Amino acid sequence: MARPFDVTSVEAKWQARWLDEGTYEVDNDDVRERYYVLCMYPYPSGAAHQGHVRNYTMGDLVVRYQTMLGKAVLSPIGFDSFGLPAENAAIKAGSHPRLFTEARMQELSSSLRRLGAVYDWRREVFSHDPEYMRWSQTFFLALLKAGLAYRAEAPVNWCPGCLTVLANEQVLADGTCERSGDLVIRKDLEQWFFKITDYADELLDDLNGLDWPERVKTMQRNWIGRSEGVEFDLPLADDPSRALRIFTTRPDTGFGVTYAVIAPEHPLLAHLTTDEQRDQVHELVERAKSESELERTASSEAGPGLEKRGAFTGSFVLNPFTNEKVPVYVADYVLGSYGTGAIMAVPAEDERDYAFATVYELPIVRTIQPPADFEGGAYAGDGVHINSGFLDGLDVVAGKKKATEYLEREANGVATVNYRLRDWLVSRQRFWGCPIPIVYCEKDGIVPVPLDQLPVLAPDDVAMDESGQSPLATHDEFRHTTCPRCGEPAVRETDTMDTFTDSSWYFLRFADPFTPDKAFDPAQAAKWMPVDQYIGGVEHAILHLLYARFYLKALIDLGIASGLPREPFARLFTQGMLRIDGAKMSKSKGNQIAPEKYYETVGADGLRLFHLFAGPPADDVDWSEQTEEIIEGCGRFLDRLYRLSEYAEVNFHDAADESDLQVRRAVHRAVATVTGCFDRWMYNIAVAEVMSVFNTVSKQARSEHGIQRATLDEAIDLMLTLLAPMAPHVSAELWERRHPGATSLHHQNWPVADSALTVTDTLTMIVQINGKVRARIEVDPGLSEDEAQRLALADQSVIRALGDAPIKRVIAKPPRMVNIII
RNA sequence: GCCCGGAUGGCGGAAUCGGCAGACGCGGAGGCCUCAAAAGCCUUUACUCGAAAGGGUGUGUGGGUUCAAGUCCCACUCCGGGCACCA
């Protein structure tokens, strides 16, 4: 495409200038109003792809716009540089993940600069920087000291593809690994955990105050899964001194309990199982053990498979409401890890229990009166209690309250809250991560590495293979050490930390990477925190965003981040993803469209404009054949702007007239519209508005009548200013050509529309007859109802359309419309 | 199954409050420029009847509220996403 200017050199010139002049460097003691813009910590996978382009274009727009609004804007960048892809690539290539990663970091940095995205590069951080690792490890030890990090043996999710354990959050609903797609298997291993569950309530409650997409907040609420209920005892029928403890959220349905169920892992199972039932129970337990989490949870539909999924234990417990004996079953639909691992079953009001009861022919007793038209099995809705003794006649809420009081009195009941959220498993059996700074000593047990010996760094000559063992464990020199406490021989922890620990505090380091001997000075960080605008993909809705929230709260409570707000990200924007042929555009699918070729044709500005223009920023974008042409169109628009700015084919007239006034009105309305769009993430409309006003200006300037020089200059200058955050290179270049020696465009103040020009002096009023538009009349915006009606009825085309039909009614809503009903 | 989104021309998408549906762009058609082409510029473009003037229809489907519905209410269809034995 032939362009009126050399895109590549213009863009290079401005990128160099922003970098060399430190245009977007900002100091912590800046006196202007502060604004912190952050795009999610990128994994350095090489040159930026279209997803990055889209993400960082929007981030950059916010940075430049907020700066022009006169704020001190913190715009940092860094790299989430630990992680599996680098390690796997290094295994393949026989090299070291550091070399691989650092090369990718260089590529990503330079392609972000090539896009025109601007940062305070002095604040750059990356996870494998020893100085960064030092603080990651310090925080681990602080959490340990506070009891928020602990080691425990637990059934964990092992991914055979990634050769490591995963956090619950990394396992998808179908039991596969979110990264590799392999089926996750269960292993019992001793691992390190962070006690995120201590913060469950706060993590839940604080969501209410966040300006985040409702969808993301809902996902977090579901993940935390708080449920209020009561724990109480079901005494064993044979031995009432012992009891089965259960948790329920529906104590009010207690009169409808017709059996109880315990999990296959339940410690009382052996005791409860009678000799006659032993074989059957044993078979079920063995199968539950061998089955993966997927197989165990996949057959969730009630029905045929169900009869294999439970067994009678042979024992009975007493229903504390009715004192009747009810049988105890073991079934894999009850989980050992939630609540007490045992439940009371109320088939009439719980679907799962209903399905089970139907298969095993257990009695079903309604305790809530369903609506007359209710068809189906279990009724979980509200209603009046029946068959429920002292609860009869109460609704669900009142019934729960009274039943809980009863259980507290009669059955060791305790009102309890349970969470779906589990503690965060942070151990990873991989090399390319931050080592856990722990030493195991026969005498002293678990010993933290002293702070002055941090960071614990992995040696470079570690053999990485696919054995599934932690690579560091094979390195004898690293592994064998001495106990920091007693000096006797000891061994190091050889697992590394989940890389989500790295991304859980990087935003704090960005706020103050300057204070020596501290990860950050809380007083300095407090100047910027919380992040005013966080931008990233919705795929991090649970994992990263939940962990980072937990980390900040914990660091504050540990005294490391005193005085900081307890939520890291005040406002979150999640942009849509790019799709191609219906599939997500991603490196793993190999269906990416590289941005580079567009830099040569339409430039970074043209590509940025496309990503802004393509559709609502929150929506997904489909990359199609048409996309190429739209990108070309964005480039063409910039070319037209360039030519107009250079007065190509423009006719001037001397004195301003009505046509100049109309142009000025359009331009000032555009200023108001674009500003409103920027404040509401409507970038596609902002681009359209600039294009639209450009058409108006250009048409007038190219007309025979022409335009006044001052009118055109004002219009072009304002259009360039509006484009400065969107297409920063061309706009800056044209500004400089128009105003040699003046302050550059990105240092200009954001324009304010002249309100005298945005208020129009005439409006088009529509006249409808029976709701159909029959005429348009130019009117004064302040006209009265009577005037509007009079004007409407006097209009020739209205008179013609009315004919001699009698007018029944006239609705006048000046100055917008008049509707005549005949 | 449950919970959220969404459905508007040939296409991507506009439409603060219920008040001109289709802004802006892509594509298409026609023209100017040119020896010719590319680029650029201009005009036009929801569908439909009509030579025109002018009319009719139209925002997934079916109802409803209203002077007036893309927008509000009810039912449904399809698409996308999230959750899915958490008691």
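Each chain gets a letter, A, B and so on, in the order the sequences are listed, and its residues count up from 1. If you're wondering where the values come from, they're calculated on a predicted model, not measured in any experiment. Every heavy atom of this structure was used, including side-chain atoms; hydrogens, water molecules and symmetry mates were not.
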Margin query: Does the structure show a Watson-Crick or G-U wobble partner for B/rA38, both distances under 3.5 Å? Name it, or say none.
Written below: none
Next item on the list: Report the nucleotide, chosen from B/rG81, B/rA87, B/rA23, that has the shortest atom-to-atom distance to any side-chain atom of A/Phe247.
Entry: B/rA87
Checklist line | Residue pair A/Val414 / A/Val230, side-chain heavy-atom distance below 4.5 Å | finding: no
Note to self: Can you tell me which nucleotide in B/rA68, B/rC20, B/rC24 comes closest to the side chain of A/Thr764?
What the structure shows: B/rC20
Notebook entry, point to check: With sugar-phosphate meaning primed atoms plus P, OP1 and OP2, does A/Asn684 contact a base, only sugar-phosphate, or nothing at under 4.0 Å between heavy atoms?
Noted result: sugar-phosphate
Checklist line | Donor-acceptor pair present, A/Arg809 side chain and B/rC67 base, under 3.5 Å | finding: no
Check: Looking at the side chain of A/Glu629, which of B/rG25, B/rG27, B/rC67 is the nearest nucleotide?
Finding: B/rG27
Check: Expressed in whole Å, how much space separates the P atoms belonging to B/rA29 and B/rA46?
Finding: 16 Å
Check: Among the nucleotides B/rU57, B/rG25, B/rA15, which one has an atom lying closest to any side-chain atom of A/Met682?
Finding: B/rA15
Item checked: Among B/rU16, B/rA87, B/rG13, the nucleotide that comes nearest once only the side chain of A/Arg680 is considered -> B/rU16
Check: What's the closest nucleotide to the A/Ile821 side chain, out of B/rC20, B/rC67, B/rG19?
Finding: B/rC67
Check: Touch check for A/Gln768, heavy atoms < 4.0 angstrom, all strands: base, sugar-phosphate only, or nothing?
Finding: base
Notebook entry, point to check: Among B/rC67, B/rC11, B/rA23, which nucleotide sits nearest the side chain of A/Gln626?
Noted result: B/rC11
Check: When you measure from the side chain of A/Arg579, which nucleotide among B/rU57, B/rA87, B/rG80 comes out closest?
Finding: B/rG80
Checklist line | 4.5 Å side-chain heavy-atom contact, A/Phe356 and A/Leu362 | finding: yes
